[in-house]
6 protein chains.
Amino acid sequence: MATVKLFTDAEAEASPAVKAVFDDIRATRKNDFINNFWRALANDPATLKRVWEGLKAVMAVEGSIDPVTREMIYIAVSTANSCQYCVQSHTAAARARGMTDAQHGELLSIIGLAAQTNHLAIAMQVPPDPEFEVR
Amino acid sequence: MATVKLFTDAEAEASPAVKAVFDDIRATRKNDFINNFWRALANDPATLKRVWEGLKAVMAVEGSIDPVTREMIYIAVSTANSCQYCVQSHTAAARARGMTDAQHGELLSIIGLAAQTNHLAIAMQVPPDPEFEVR
Amino acid sequence: MATVKLFTDAEAEASPAVKAVFDDIRATRKNDFINNFWRALANDPATLKRVWEGLKAVMAVEGSIDPVTREMIYIAVSTANSCQYCVQSHTAAARARGMTDAQHGELLSIIGLAAQTNHLAIAMQVPPDPEFEVR
Amino acid sequence: MATVKLFTDAEAEASPAVKAVFDDIRATRKNDFINNFWRALANDPATLKRVWEGLKAVMAVEGSIDPVTREMIYIAVSTANSCQYCVQSHTAAARARGMTDAQHGELLSIIGLAAQTNHLAIAMQVPPDPEFEVR
Amino acid sequence: MATVKLFTDAEAEASPAVKAVFDDIRATRKNDFINNFWRALANDPATLKRVWEGLKAVMAVEGSIDPVTREMIYIAVSTANSCQYCVQSHTAAARARGMTDAQHGELLSIIGLAAQTNHLAIAMQVPPDPEFEVR
Amino acid sequence: MATVKLFTDAEAEASPAVKAVFDDIRATRKNDFINNFWRALANDPATLKRVWEGLKAVMAVEGSIDPVTREMIYIAVSTANSCQYCVQSHTAAARARGMTDAQHGELLSIIGLAAQTNHLAIAMQVPPDPEFEVR
């Protein structure tokens, strides 16, 4: 049950600011599908545009981290923040970019292990080792 | 201020169960350094052994995700769980395994972006798209 | 799927301690509607009473923060804690108290931005500036 | 670096509302020590009183959960919320109420395990089994 | 909507590694029921085995914390991590091990109180008292 | 102990991309002070620029939420995400924009209450009321 309206294609067409972003999403992704996140964010066209442009800058350009790894990092953060929508959408995105079942399995094992040692380190309040210092 | 004692090398030597794990950490890492996390966990030798063996199985074997990426995923989870010790130790570990400054910068930008869209998706309670379904 | 029973009006009537709180909720809100949170909390009348009285003391009195802002702060915390029920109930409450679509949009943009910089500050372990000190 | 002033004993004496709560803390705990949490909360006497009375009602009465277990549950929540102060204060409180090193070790192993399976269940978006339903 | 396939009994039978773990779950619990968490984890037999063995070691042996208390601690962590599946499965498990309604009510009141004081301590950045130091 | 270098003014001067953002921060805030968050983010000039521009767009323009309220919402999110740096920097910022002690006290009481009811609603898995639906 969303807390905001989800824009239909007709509603998006009726708002030039929303239409411009939806058009760019479709052109960038070479795909007609607009997922619900953007349909919800369309209620605030300024935020829609800023978040989409931030996402394009971070996720859709070439860099030193490959596209599948970027999506796996996204899944890791989304899991720890308990965002159901994000876990589902970025798992689908990672698969679409080529994540194998073996990689997904390893990703989950790393996420689970990290959560375990995170909680242990917090519960023991382990003091950082001076060896970790950035020089 | 830790909530448990940190085992010195002398104290670890005095406990065969702790000594066995510390010896294995040193042998596996080919390095004499034992960081504070293990010195704290040594208070409970059974958990020390289980967590170390879990970490070895997940982080220290060859798999379909390379060692630098594993550490970057670890940083992502540790950040979202707000574990200071873990962020510091795994950033150091990622650098030791070859993470470049460019990769670290991109990693942080992905973590920040994911956190932003996680919170937006939760605040809007966006319903998952049927297209995400695993077939 | 709740982990506790949701009290019906008939069940609430049958427990004087629950009835007293439900009556006060209705009288305070000038509204007959009792939402599921209180119907669930009714399983433990002492906690029901304490939480309701805490909520009345914090949310239902005049103070230096206006009622719409209080609800927006509530939405912010509920989002970061990933509480679906709370995000939905307090978004409805904020709207009932007069939150406009423009305010909701701005609220979401602040929540998203804060989450992004929170994660960046944690990942970089930024040391607090001495200038922040309370004098 | 606190974001609020910590009340000294002299400052607490000067505010009747703060003094009343500090006196009750000392009388209830049969101990002269007032820890920093209450010295910080004293900036808002109404919240100081409400939180202290909530804590007394939940933690300081006889019930069906014994005092050591209550403190262990408190440590578990504080760890998952990454509250350093709370982890430290409630670990000290649990020890003062009789928590043994063995219990602390087991507590940490449960917290770590739960965090691991929590993250795995979220990452896999496991659907609840109908068998869990409350009848 | 799970992000991985849930193994049916027939699929589990077809994988010796999965079958071995499922058989051990049934033998250990003296119960034929395999809940969805394990059916999801079966996609990665190595993690399935490691997590199950970790859970057996922590939850299914005699120790200094009784079985009901272990499940209550699990509920506390799962709540703070906002894991719906885990809250539901471990509330059912705690009840199956004998948790009474009174204990459940007290558990919830402690979880709620801890969350409140956790957030207050973080918002005020209360400095730890030297009295908490482990000697 | 930061995981990245903090740029000094001299280092910022040496990088045109960093200098441009630092100049804009000083001009926008009409203040020479650059806090450590930006000095840390300077390691990645593209992210520095994007985050600063996002922050300016959200926090430094006129809108339907006043500047003190924006900072209070920021404190609420930062607390729930357990970001020490952010709690400290945005409490200082809120005070600089005019937040009174009374407002700060009320803010904390709302944050604490919300955390309590968030955890209770999650632990009870309360189903959303149909009345919350956006029409």
Side-chain angles (χ1 to χ4, degrees), chain B residues 1-2 35-37 40 59 68-129 132, chain C residues 1-2 35-37 40 59 68-129 132:
Chain B
M1 184 158 80
N35 54 306
N36 284 340
F37 179 73
M59 299 297 280
V68 168
T69 299
R70 290 177 193 201
E71 292 293 343
M72 292 197 298
I73 293 164
Y74 222 111
I75 292 170
V77 176
S78 303
T79 297
N81 280 328
S82 195
C83 179
Q84 300 193 347
Y85 182 84
C86 315
V87 166
Q88 294 182 337
S89 61
H90 287 279
T91 303
R95 286 207 170 102
R97 273 161 192 66
M99 180 179 70
T100 63
D101 286 350
Q103 286 175 316
H104 191 223
E106 281 184 41
L107 169 64
L108 298 193
S109 71
I110 299 166
I111 292 173
L113 177 71
Q116 183 183 39
T117 60
N118 289 174
H119 281 63
L120 288 170
I122 293 169
M124 299 189 299
Q125 290 288 300
V126 184
D129 300 75
F132 298 157
Chain C
M1 186 158 78
N35 55 305
N36 284 340
F37 180 72
M59 299 298 280
V68 169
T69 299
R70 290 177 192 200
E71 292 293 344
M72 292 197 298
I73 293 165
Y74 222 110
I75 293 169
V77 176
S78 303
T79 298
N81 280 329
S82 195
C83 179
Q84 301 192 346
Y85 182 85
C86 316
V87 166
Q88 295 182 335
S89 61
H90 288 279
T91 302
R95 287 208 171 100
R97 274 160 192 67
M99 180 179 70
T100 64
D101 285 349
Q103 284 175 317
H104 191 223
E106 282 184 39
L107 170 64
L108 298 193
S109 72
I110 298 166
I111 291 172
L113 177 71
Q116 183 183 41
T117 61
N118 288 174
H119 281 62
L120 288 170
I122 292 169
M124 300 189 299
Q125 289 288 301
V126 184
D129 301 74
F132 299 156

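This is a predicted model, so every value here is computed, not measured.
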task = Below 4.5 Å from any heavy atom of chain B, which atoms of C:Q84 appear? Answer side chain, backbone, both or neither.
result = both
ask   = Side-chain contact, heavy-atom cut-off 4.5 Å: B:T91 with B:Q88?
value = no
inquiry  = Main chain of B:T100, side chain of B:Q103: is a donor-acceptor contact present, judged purely on distance under 3.5 Å?
reply    = yes
ask   = Any residues in residues 112-121 of chain B near chain C, with a heavy-atom distance under 4.5 Å, and which are they?
value = B:G112, B:L113, B:A115, B:Q116, B:H119, B:L120
request  = Determine, stepwise, if the pair C:I122 / C:Q125 fulfils side chain to side chain contact (heavy atoms under 4.5 Å, CB included).
outcome  = CA-CA 5 Å; C:I122 292 169; C:Q125 289 288 301; 4.1 Å; yes
message = Holding to side chain to side chain donor-acceptor pair (under 3.5 Å), I want the full list of residues that pass it with B:E71, two or more places apart in sequence or in another chain.
response = B:H90
request  = State, with a plain yes or no, whether a side-chain heavy atom of B:R95 is found less than 4.5 Å away from one of B:D101.
outcome  = yes
task = Report the option among B:S109, B:A80, B:C83 that has the most heavy-atom pairs separated by less than 4.5 Å from atoms of chain C.
result = B:A80
query = Taking C-beta and beyond as the side chain, do B:T79 and B:Y74 meet within less than 4.5 Å on heavy atoms?
reply = no
request  = Taking the side chain as every heavy atom from C-beta outward, state whether C:R70 and C:I73 have any pair of such atoms under 4.5 Å apart.
outcome  = no
